[in-house]
Every structure is written in structure tokens, then in C-alpha cells.
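Protein chains get the first letters and strands the later ones, always in sequence-line order, with residue 1 at the start of each. Since the model is a prediction, treat every value here as computed from it, not as a measurement.
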Amino acid sequence: MRYLVTLKSGPMDAPPPQALMDAILALGAEATASGALLDTAGLAPSAMGGARVALADGEITVTDGPFAETKEMISYALYQVRDRAEAVEWAARFLRLHRDLWPDWEGEADVLSVFTAP
Amino acid sequence: MTAPGSAGGPPADPSRAVEAVWRLEAGRIIAGLVRLTGDVGLAEELAQDALLAALERWPRDGVPANPGGWLALTARNRALDLLRRRRVHERKVAELGRDLSDAPGPDLDAALDDPVGDDLLRLIFIACHPVLRPEGRAALTLRLLGGLTTEEVARAFLISEAAASQRIVRAKRTLAERGVPYELPTAADLPERLTSVLGVVYLIFNEGYSATAGTDWTRPSLCEEAMRLARLLAGLLPDEPETHGLQALTELHGSRLPARAAPDGSPVLLPDQDRRRWDRLLIRRGMAALERAAASGPPGRYTLQAAIAACHATSPSFPETDWPRITALYAQLSARWPSPVVTLNHAMAVSMSEGPEQALAMLAPLTTTLPDSPHLSAARADLLARLGRTSEARTAYLQAARKTQNPQEKSLYLQKSRSP
């Protein structure tokens with residue numbers, strides 16, 4: 001089963017510590033080597049060129065970033081795992097690194113199941 | 001975030017969390033334990049003990065901050081306890097023997113911190129050792145490296161749980177009895193041993209891929225497990241071109257899985273597949289792996305097959321496929337690794353690049369080597385139909401329907417026999 005994990009962060013006033021970046025790279029390498037991580041990328045803050053395209057009442061509107069939300073999407077990862085619990089575990093490992101190496105950081109990961117044919 | 005303080009929020013069901021962590025870590029934990037104990041069966045028992053401890057403790061005390069580390073450490077501690085007890089026992093035996101020297105055992109603490117990747121690689125080589133029968137290798141690999149239960153292994157191979165258990169037990173016993181060492185093959189032995197390892201992953205993939213019914217969820221997931229193992233191998237042995245070739249092969253074939261069965265479960269053959277349903281991500285990954293294979297050495301059998309699969313994966317439609325290239329790749333494959341099945345596929349490529357008449361001639365000798373193959377009959381039927389020899393085609397389709405054991409295939413051939 002395939003899961004898309006998106007990571008959202010609260011406002012950040014400092015760049016992430018180098019130790020966290022190194023740990024994230026190591027975790028990514030581990031997940032890739034184990035065959036679980038199919039794809040991943042960081043996302044620029046919406047202020048750097050994001051947009052929202054919406055349809056409501058038959059009208060399509062485009063809103064430039066930044067959004068009024070307090071959280072920014074900062075990365076996504078696509079995992080191939082056997083069940084939801086495994087995807088949750090990878091996401092939790094990612095957040096554990098933040099807890100241990102960047103105590104001020106707050107954010108959340110959404111684990112979304114990707115529909116695939118039987 | 002709900003629930004601060006726990007490992008990324010408390011899972012709804014701690015036992016699911018235990019199982020998830022177990023499956024992610026089983027291979028590495030068991031590999032480390034085999035290095036300590038030198039015994040696959042014992043290592044697995046110790047690892048299972050750690051799993052049971054987690055199943056008991058986590059629901060009660062909460063999931064630990066680092067669940068993978070907890071499982072690994074618990075398993076190691078159990079192994080060390082056991083080894084220390086054994087060493088004490090051996091020393092006492094030696095004291096009784098008086099003249100036996102007090103030879104120091106292996107340095108346990110030093111043995112704890114070897115590079116983990118090596119352990120895993122050694123475990124793969126031991127699980128796929130040529131002293132085991134191929135089905136034993138596959139079952140043991142799924143069990144040790146995939147963390148599958150005996151029941152899941154049974155479902156994977158469509159055998160009874162007792163039969164699956166017997167395969168695994170027999171394989172472990174054979175490794176112990178034959179004294180198969182837990183070590184990496186020497187450079188001289190590597191090609192042969194690697195062939196066995198790659199063959200097991202390929203076998204696991206095919207077990208999943210040949211399931212056309214798609215009703216049993218463990219069969220497509222078997223393809224996924226094979227893809228995972230192939231990726232793992234490519235990561236562990238990046239300098240071996242065939243690891244990338246096998247990864248490319250499984251991902252490129254895997255990309256077609258969503259299009260291979262109709263909603264009612266009936267098989268959809270390549271010419272009729274809706275290519276929009278092919279998995280673009282797997283195609284992209286497969287093509288990248290194929291490039292790595294090409295960059296790291298001359299093409300082996302898996303790389304050649306992956307190159308053929310790549311021709312299909314990148315073609316906008318069946319008729320537009322680069323048939324001359326596929327024909328040339330099959331010629332290369334059949335020159336170095338000849339087999340009746342390769343000839344059969346080669347002939348079908350020739351039928352597209354040169355014509356059905358030439359292909360029919362290539363199939364003729366196969367009637368003696370593949371007398372029971374439904375696919376040979378179906379291929380002959382297809383060629384005869386394309387040559388306008390309708391009544392012969394009908395007979396051949398009926399033959400194919402008679403030979404196949406798969407009900408979905410049978411009804412497909414019967415349907416084609418009515419209007420070839």
C-alpha cells in the first residue's frame with residue numbers, strides 16, 4: 001500500500017539545526033535503502049511562489065501565497081509499506097528526530113492512503 | 001498534535017504498532033542475532049521473544065520513545081544472556097575435563113557494533129543459500145527479511161500453513177546441519193551466490209505476478225515485497241549491475257499490475273491494457289534503475305529483461321512498440337541464457353517485427369520441450385489467427401484452455417476460441 005505523508009510546520013524564525021538536517025538525510029537514506037521510501041522532496045514556503053486554485057460557486061479563483069494559515073507545508077514523502085501502521089511509524093520516526101534535535105519546533109505529519117488498483 | 005510525550009501520538013492499537021515496527025526491523029534484528037549466535041533458528045527464536053515482550057509491555061506501559069531501538073536492544077540482551085549462560089556452562093564442563101584449556105570465547109561486546117548493512121546482506125545470502133531448495137529459500141527469505149508470519153508465507157505461496165511451516169523449519173535445519181557459515185561470499189563465489197539471491201527475489205515476484213485473479217490481497221503484495229527486496233539488494237550491492245537490473249525488472253513489470261486485471265478479475269493481456277493505468281512512478285524508478293545497471297557493467301539476464309520491459313513501458317501503444325529492438329534484446333538473451341520460455345517470447349516479438357509466419361516456425365521445436373504449456377498453445381493460436389488460419393487457431397485456443405490450471409485464463413482462452 002502506498003501512503004503520502006505531508007509535513008506541516010508552524011512558523012519558523014530560524015533555519016533547522018544542522019544536526020537535524022543530517023539526521024533527516026540519514027533517515028531518508030535508511031527508508032530508501034529499505035525499499036519503503038519511493039519519493040520525497042522539500043517544498044518551498046508558499047510565499048516563494050505558492051498559489052491556491054479554488055472552485056466555488058462555479059468560479060475558479062487563484063490566490064497567491066502566502067496563505068493566512070499559520071502552518072506551511074514543508075515536505076512530502078511517498079512510502080510503499082504493508083499497512084497504515086508502518087506509514088505512521090515512518091512519519092513518527094521523522095517527528096522524533098525533530099523532537100530530539102529541534103525542541104522548539106512544532107508541526108504535524110498527515111498520513112494519506114493512496115488509492116491503487118487491486 | 002494530540003497526545004504529546006509519546007512517540008508521535010499514541011497509536012489506536014499498540015499491538016499494530018508493535019507489528020509495524022517488527023516488520024520494519026525484523027531483518028536487521030535477526031541479522032544481528034545470527035552474527036552473535038551463528039544460528040538462524042536460535043536468532044529467530046530470540047527475536048520472536050523480543051517481539052512477544054513488546055506485545056506484552058507496550059499496550060501496558062506505552063510505546064517506547066524509540067520502538068525500533070527497544071526491540072533491537074531487548075533481542076540483543078536476550079542473546080547475550082543466553083551466550084553468557086552457555087559460556088559459563090562450557091567453562092564448567094571444561095573444568096570438569098581438567099585438561100581442556102580455558103579458551104576465550106568471542107568478544108561479545110566487540111561483536112555488537114558491526115556495520116548493520118553487512119549483517120543484513122549476510123542474512124540474505126544465508127537465506128538464499130544454494131544448499132536450500134528454491135521454495136525453501138523463498139519461504140525463509142520472506143520469513144527472515146520480510147518479517148512475514150508462517151500464515152502469511154502460506155498465503156503467499158497458496159499452500160497450507162503446515163506446509164509453509166515445514167518449508168521454513170526444513171530450511172533452517174538444513175542450514176544448521178550443513179554448517180552453512182554466516183559470511184559474505186568471496187569475490188570468486190559472489191557471481192554464483194548472487195545469482196541465487198536474485199533468483200529468489202525474482203521467484204517471489206513471479207509468485208505474485210502470475211496471480212491473475214487479484215482476489216487474494218497477499219499476491220499483489222508479494223510483488224511489492226519482491227520490489228522492496230530488490231531495492232534493498234540494489235542499495236546493499238550498488239556495484240553489481242544485476243541488482244539494479246532486477247530492481248528495474250520488478251518495478252517496470254510492477255508498473256503494469258494495475259492494468260492486468262479487469263474489474264471482474266479477468267486477465268487483460270498486454271495489447272488490450274489501458275496504458276493510462278500503468279504506474280508512472282514505478283516506470284520512472286524502473287528506468288532510473290535500468291540506467292544505473294547500464295552504467296555499472298555489461299547487461300546480465302535481468303538487465304536484458306528489464307530493457308525489454310522498458311520498451312513496453314515507454315511505448316505509447318502496443319502497435320507503436322519498438323519491436324525490432326525487443327527482438328534484438330530477446331536474441332541476445334536467448335544466445336546467453338537459452339530457455340524454451342525465452343524462445344516463446346522471442347517468437348512473439350519476431351511475429352510483431354517480422355511476421356507471424358517466421359514466429360510460427362520458431363515455435364515448432366517447442367512442442368517437445370514445452371508440451372504442457374498453455375502459453376505455447378495460446379501463442380500458436382494467436383499466430384494462426386493472425387495468419388487467417390481460423391479453424392487451426394480455434395483448436396489451439398481449446399488446447400490452451402485445456403492445459404491451464406487457472407480458471408481466469410481458461411475462460412479467456414475459451415472465449416477467444418469462439419471468435420479467434
TODO: Grab the two heavy atoms, one from A/Leu38 and one from B/Arg285, that are nearest each other, plus how far apart they are.
DONE: O-NH1, 2.8 Å
Task: Portion of B/Leu232 that has a non-hydrogen atom of chain A nearer than 4.5 angstrom - done: both
- [ ] To the nearest 0.5 Å, tell me how far A/Ser34 OG sits from B/Leu236 CG.
- [x] 10.5 Å
TODO: List the atom of A/Ala85, the atom of B/Arg16, and the distance in Å for their closest heavy-atom pair.
DONE: CB-O, 3.7 Å
Open item on the list: What I'd like to find out is whether the side chain of B/Arg28 reaches to under 4.5 Å of the side chain of A/Glu30, using heavy atoms alone.
Closed with: yes
Task: Residue of the set B/Glu225, B/Glu152, B/Glu19 for which salt bridge (Lys or Arg N to Asp or Glu O under 4.0 Å) holds with A/Arg82 - done: B/Glu225
Task: Any side-chain heavy-atom pair of A/Leu37 and B/Arg231 under 4.5 Å - done: no
Task: Straight-line distance of A/Gln80 CD to B/Leu281 CG, nearest 0.5 Å - done: 9.0 Å
Task: More than 12 heavy atoms from other groups under 6.0 Å of CZ on B/Arg292 - done: yes
Task: Side chain / backbone / both / neither for B/Gln247 at chain A, heavy atoms under 4.5 Å - done: neither
Open item on the list: Heavy-atom cut-off 4.5 Å, strictly under: side chain, backbone, both or neither for A/Glu86 against chain B?
Closed with: both
Task: Residue pair A/Arg93 / B/Leu24, side-chain heavy-atom distance below 4.5 Å - done: yes
Task: Contact leader toward chain A among B/Arg284, B/Glu25, B/Met227, where contacts are heavy-atom pairs under 4.5 Å - done: B/Glu25
Task: Student check: side-chain heavy atoms of B/Arg23 and A/Asp83 closer than 4.5 Å - done: yes
